[in-house]
Asks: 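Here it is, the structure, as structure tokens.
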There are 4 protein chains.
Amino acid sequence: MAETRTPDSRRRSERSRRAIYEAALALVTEVGYTRTTIEGIAARAGVGKQTIYRWWPSKAAVLLEAFLDLAAQTSEGGTELPDTGDLAADLRLVLRATVDELNDPAHEGPSRALAAAGVVDAEVGAQFVEKLMEPQIEAYIRRLRSAEAVGQMRAGTNARIAVELFIGPLTHRWLLRTLPLTHEYADTLVEYALHGLAPRA
Amino acid sequence: MAETRTPDSRRRSERSRRAIYEAALALVTEVGYTRTTIEGIAARAGVGKQTIYRWWPSKAAVLLEAFLDLAAQTSEGGTELPDTGDLAADLRLVLRATVDELNDPAHEGPSRALAAAGVVDAEVGAQFVEKLMEPQIEAYIRRLRSAEAVGQMRAGTNARIAVELFIGPLTHRWLLRTLPLTHEYADTLVEYALHGLAPRA
Amino acid sequence: MAETRTPDSRRRSERSRRAIYEAALALVTEVGYTRTTIEGIAARAGVGKQTIYRWWPSKAAVLLEAFLDLAAQTSEGGTELPDTGDLAADLRLVLRATVDELNDPAHEGPSRALAAAGVVDAEVGAQFVEKLMEPQIEAYIRRLRSAEAVGQMRAGTNARIAVELFIGPLTHRWLLRTLPLTHEYADTLVEYALHGLAPRA
Amino acid sequence: MAETRTPDSRRRSERSRRAIYEAALALVTEVGYTRTTIEGIAARAGVGKQTIYRWWPSKAAVLLEAFLDLAAQTSEGGTELPDTGDLAADLRLVLRATVDELNDPAHEGPSRALAAAGVVDAEVGAQFVEKLMEPQIEAYIRRLRSAEAVGQMRAGTNARIAVELFIGPLTHRWLLRTLPLTHEYADTLVEYALHGLAPRA
DNA sequence: CCGTAACCGAGACGGTACGTCTGGTCTTTGA
DNA sequence: TCAAAGACCAGACGTACCGTCTCGGTTACGG
């Protein structure tokens, strides 16, 4: 399955790589993940199949890299949350942006495909988390620590779990398509997470 | 894909159905979702392929039904949350139970397989939500309304979103395997969700 | 390589078999043996590749059977040499006919292909000899024995070797394309073989 | 297919050529003609693929040259038949030697491979005949003419056809593996060819 | 006798075909 | 008279080679 004899990456064709990224993303968007085949990607990219098998171990790996490449282009390194001093406002802004991104049909196909692949295949999942989720989560953590420092968050809060209070419900709703993702939803989420469901004492 | 001529369900072989359920679940657990094939299920169940195609439209559908059957056996209709009057305690109990269930290796294979299939295939996803998630969510909603009635929750809370505050983070962590699911995690989640991340006024 | 689980020949599709024979012969004639591929045969016959791999172990085997089928149609069992009482005349007649057949461009492609395959692959060669050469050789042997009985051949002659004296040179010339095969050549061969190269005592 | 820009043969690496010959012959002997690949030859010879493609147009061409080289080493130019004055004895000697050579397993693989390639590919066949068969045939012709001069052969005999009377059956038996090649067979062949199958008048 | 043109080993490339596996459909056959 | 068995068409899988190409490195011509 995987290549045993490792190829010489210096001689790799940049042209082919880019063509493969584009073909992979296009196909996943057009026909879905399962009907996207390596053969199809190769044909569309004008590339020999072996060129794919030489550099990637699986369809999921191709797609992950293609997606990372796309993400890198889109958000030019900007993995930092705004910090206006008003935690609630900042979170609303970010979550609304996330909602918009998740609703963007261009990203939907590849994102769902990767998420699903990661759910089933631990290897892919680990890559997915490390490359895509982790940077985002850490940006949240930094913002929450900053809030904690200025007394907008309870001291001693487990930042990771705190982050999940925002991201978890959003992801849940998106993955399972239970109800639509709206800006209002994002706002409510921020409200509930910050001030709790219990009545104020 | 779907059968045109609908078969006569009265003449259906109960024996075959049970054998298919068992074969499907066993295979998913043993070799994973993607390597589980309809052919393999048929062979293991000692059943003709057509017997599967006659009654189910896809591999995911077979598995969904098999899983529902399993779930029905396990939790004999008990889709009600405890109500001791102490919301926090009740939630901790339930979430801890969910954590245990998600950590149970016997359920992991089929569950992940179904979740992944649902993420990618809207049809399967809808079924998954309707048959598996919705009853659970509604049980939560009933419990939260009861809490609201006795003043343990802020009035006017959107119950669906409130539920997601508990379920979302849990699911997120399980699906993406970011960090282990523990009882302490469940407790912290209840704490944060009920009382919020912001300092009490 | 070969099928392990032997298929049920009663359920075999006659339609597919015929289509495969025709496609194979057509392709060999049109593009030659090496450029004839199993995929090509399947495509041309409108048949799945597996249907070929299910019933034949190799490209050569397909072609051999196709060729035998063709030969069976052409020469309806008539594997008997003429016996007018004049051995020399009868042999001239038969060898001239063989010359014509070998010169027939329609048979050339498949024949050469099979011969070559048989030269290299002992299995195919054995089949080739058994099914195509042997009946012909035995007809020769019967004719030579008949000639021996009436004193037109030396008594005690090794009939097999005698046959090769006629067939060998012809095949040699055809296979290696050293010089053209003509009726005169056939006649000379009969002359030399019957009466020898040495001067009559 | 063929090189357009003709390479400078003065700068050719003798080392590589020899290594390629050896690798080619070894592979053909070990795994057979069809499973011998240019990549395999290159790898075994420790040579770049291009070095083969630069100097030879095809796998068959490589093998032909390798075989010629081998033949040149073995029979140091000795393409002359013995002439003791006794034609029958001389022919028996030569045909027995040929039988031994054909039965030599070391030569079998490459010989069959080349013969088969020549049967199917006219270009290779022509080379095969010109380089390997023709010198041998002409040696036979010279010996037969000498015999004719001393009255051991009928005058006016077509020498080419006469030669085929000896070589043809031998080749036939070897190529088609009908029956084993023995010294007795060679002797009988000489007997029959010289004195004919018909009874002496 | 030095620069450079061509060979060399190596191997990535776009392709084709391999032989296998599975998906769905259709047909046969035995209980 | 079904349902198992499994043959069928279709096509993707991952591998092996094809013949071309490009890359450095190393000879050995020829100015």
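In the text below, chain A, chain B and the rest are named by the order of the sequence lines, each starting its count at 1.
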Asks: Assign each of A:Glu14 and D:Thr51 to its nearest nucleotide of DNA chain E by heavy atoms, then name whichever residue's nucleotide is nearer the 5' end.
Replies: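 Mapping each residue to its closest nucleotide by heavy atoms, the 5'-most match is D:Thr51.
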Asks: How do B:Val47 and C:Ala42 order along DNA chain F: which one's closest nucleotide is nearer the 5' end?
Replies: B:Val47
Asks: Any cation-pi pair here, B:Lys131 with B:Phe67, using under 6.0 Å and within 45°?
Replies: no
Asks: When you check the phosphate oxygens OP1 and OP2 of F:dA4, does a side-chain N or O of B:Ser16 lie under 4.0 Å from one of them?
Replies: yes
Asks: List in chain and number order the residues that pass side-chain contact (heavy atoms from CB on, under 4.5 Å) with D:Glu130, two or more places apart in sequence or in another chain; answer none if no residue qualifies.
Replies: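 Partners of D:Glu130 by the side-chain contact (heavy atoms from CB on, under 4.5 Å) criterion, ordered by chain and then number, come out as D:Gln127.
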Asks: Under 4.0 angstrom, heavy atoms only, what part of the nucleic acid is B:Gly46 near: base, sugar-phosphate, or nothing?
Replies: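 Sugar-phosphate: the residue B:Gly46, judged by heavy atoms under 4.0 Å, touches backbone atoms but no base.
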Asks: Spell out, as yes or no, whether a donor-acceptor pair under 3.5 Å connects the side chain of A:Lys59 to the backbone of A:Thr36.
Replies: yes
Asks: What is the distance, to the nearest angstrom, from the CG atom on D:Leu27 to the C1' atom on F:dC17?
Replies: 14 Å
Asks: Sort out for me which residue in A:Glu39, A:Glu30, A:Glu22 forms a side-chain contact (heavy atoms from CB on, under 4.5 Å) with A:Arg44.
Replies: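 Exactly one candidate clears the test, A:Glu30.
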Asks: Could a donor-acceptor pair under 3.5 angstrom be found where the side chain of C:Gln50 meets the base of F:dC8?
Replies: no
Asks: Please give, in whole Å, the distance from F:dT26 C1' to D:Arg15 CZ?
Replies: 13 Å
Asks: Which comes earlier along DNA chain F counting from the 5' end, the contact point of A:Lys59 or that of C:Asp8, where each point is its nearest nucleotide?
Replies: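 The residue mapped nearer the 5' terminus is C:Asp8.
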Asks: If only side-chain N and O atoms of D:Arg12 are considered, is one of them under 4.0 Å from the OP1 or OP2 phosphate oxygen of E:dC7?
Replies: no
Asks: D:Arg10 near the nucleic acid: base, sugar-phosphate alone, or nothing, with a heavy-atom cut-off under 4.0 Å?
Replies: sugar-phosphate
Asks: Would you please confirm or rule out a distance under 4.0 Å between OP1 or OP2 of F:dG11 and any side-chain N or O of A:Thr37?
Replies: no
Asks: Has B:Arg17 got its NZ or CZ under 6.0 Å from the middle of the six-membered ring of B:Trp56, at an angle within 45 degrees of the ring axis?
Replies: no
Asks: Let's test your reading of the model: under 3.5 Å, does the base of E:dG9 pair with the side chain of D:Lys49 as donor and acceptor?
Replies: no
Asks: Between the base of F:dA5 and the side chain of C:Arg11, is there any donor-acceptor pair under 3.5 Å?
Replies: yes
Asks: Would you say a side-chain N or O of A:Trp55 is under 4.0 Å from OP1 or OP2 of E:dC13?
Replies: yes
Asks: Please tell me which of A:Ala45 and B:Ile38 maps to the more 5' nucleotide of DNA chain E, matching each residue to the nucleotide holding its nearest heavy atom.
Replies: A:Ala45
